[in-house]
Chemist: 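Structure below; questions to follow.
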Amino acid sequence: MLPGNDINSVNDYEHHTIYTGSIREVIHQRLEEVIPKLELGYDEAFVVGDLGDLHRQHMKWKTLLPRIEPFYAIKCNPDPMVVKYLASLGVGYDCASRSEIQQVLDAGVDPSRIIYAHPCKQPSFVRYAADNNVSLMTFDSTEELHKIKRIYPNAQLVLRMLTDDSKSQIRVGLKFGAPLDTIKTLLITAKELELNVIGVSFHVGSGCSDVRAFADAVDLARNVFDQAASIGFQMKLLDCGGGMPGRNIQHGITFEDVAATLGEAVDRLFPPNVRVIAEPGRFYVSSAFTVCSHIIGRRVLLPDDSERKQYMYYLNDGMHGSFMLRLLDRDDLNLRVIMRNGTHVYDNENEKDENRFISSVWGPTCDPKDCLLKDVRLPLLGVGDWICQENMGAYACAATGFNGFEKPKTIYTNSFIRSSL
Ligand SMILES: Cc1ncc(COP(=O)(O)O)c(C=O)c1O
């Protein structure tokens, strides 16, 4: 595949061919290759993932938040190549289940670089963590403390405190996090059970739009450290959770904004002997993946009250494929036409001022909710044209496979290799 040009494969990594071009170059080449044989089974939707984008994000993290060790939240995108690549860069992991822990251990990550960041764990998963020396884990209730005492009394415990997540797209505070007025009781119970509480964690929610949420949470964490000291715990770990935005966000705060506020708050309130980690998910992966799909059907409508036609387009990827959590996030989709009538139009078509029609875009399944966009104005498209959606690396992993439509396969590139030559 993709022979004979400057995005040619450079190596095999974990049994995958890795190209070196940009995502656009790889898409262009892939379409060139498949167009002549679409009906022979080459008309599947596909994803292009750029490991180089992860690499550059990692460098940005190290530059702007040098004190805070990233533990990648694998739930955000457990793609095995992502997990192995970030592991090779020295990133740690936030895991929330036995199979996530197993995947990370299988990637060769040392157990000390994993935090089991789920405050309400299945008992057999705690046993698995104990058997595999994954000792760092969170809790937010006395029940969890008793469970851990029974199964893994030597675990290193991190108290997940509740913080204001009202500025986030995905709010997690309803489900997890100990309110401030319960913290003393939790710490006293942990002391009575002779458990080892070593730190505090928080999570401002995913898709956070206000940097103050991070600073306020660090402030609260300081308060918890002080309460813990009065009960006899000398805490030494602060975990700042996730919620840091990815590259290319359309609106809201940038990672630079978060880093400036969070880094300053941490340095001001916590001495250098406190180890500081975080659990970024979307920061690492969101811009690294682009999903490409193919228009497999079209219906033309002529509403009674209009002389203008409207169009319904059916793609071969949708809500039950790559777009499930993306739609739940209520993030704006920005579908881009990349091939029209067999011509590549990635760069120019979308800005062109041309006749546009009211259109809707649907996924391929029989589920009537499987609709990606309603009432958008699109140029006239046809069966066989291709569309892509950029910034699809975060939380695109919840495909159900409903109706037998499989999640698109990923082609990998690493644009960092070429840019660093
Ligand atoms: C505990 C925890 N940490 C980290 C994350 C990652 O969040 P994000 O992808 O917004 O960085 C999540 C996701 O919701 C989470 O629940």
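The analysis underlying the following values was restricted to heavy atoms, covering all of them including side chains, and did not include hydrogens, waters or symmetry mates. As the structure lists them, so they are numbered: ligands from 1, and atoms in each ligand from 1.
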Chemist: Kindly print each ligand 1 N/O atom paired with any protein N/O atom under 3.5 angstrom away, one pair per line, or none if nothing qualifies.
Modeler:
residue	atom	partner	partner atom	Å
ligand 1	3 (N)	D94	OD2	3.2
ligand 1	3 (N)	E279	OE1	2.6
ligand 1	7 (O)	Y395	OH	3.4
ligand 1	9 (O)	R282	N	2.9
ligand 1	9 (O)	Y395	OH	2.6
ligand 1	10 (O)	S206	OG	2.5
ligand 1	10 (O)	G243	N	3.2
ligand 1	11 (O)	G243	N	2.8
ligand 1	11 (O)	G281	N	2.9
ligand 1	14 (O)	H203	NE2	3.3

Chemist: When you measure from the side chain of W61 to the backbone of P280, do you find a donor-acceptor pair of N or O atoms at a distance under 3.5 Å?
Modeler: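 Flag not set: sc W61 to bb P280 has no pair under 3.5 Å.
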
Chemist: My understanding is that only residues two or more places apart in sequence, or in another chain, count here; which of them pass side chain to side chain donor-acceptor pair (under 3.5 Å) with E100?
Modeler: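 Checked E100 against side chain to side chain donor-acceptor pair (under 3.5 Å); zero matches.
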
Chemist: Not counting sequence neighbours, list each pair that qualifies as a ring-ring contact (aromatic ring centres under 6.0 Å, His included) and has a residue in residues 198-246.
Modeler: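 Pairs touching residues 198-246 that pass the test: F225-F270.
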
Chemist: Hey, which of N223, V224, I231 is the one that makes side-chain contact (heavy atoms from CB on, under 4.5 Å) with I183?
Modeler: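 The side-chain contact (heavy atoms from CB on, under 4.5 Å) with I183 is passed solely by V224 among N223, V224, I231.
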
Chemist: Does F125 have any ring-ring contact (aromatic ring centres under 6.0 Å, His included) partners at least two apart in sequence or in another chain, and if so, which?
Modeler: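 Not a single residue meets the ring-ring contact (aromatic ring centres under 6.0 Å, His included) criterion with F125.
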
Chemist: Only one of M392, R282, R247 forms a side-chain contact (heavy atoms from CB on, under 4.5 Å) with S287, so which one is it?
Modeler: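 Result: among M392, R282, R247, R247 is the only option passing the side-chain contact (heavy atoms from CB on, under 4.5 Å) with S287.
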
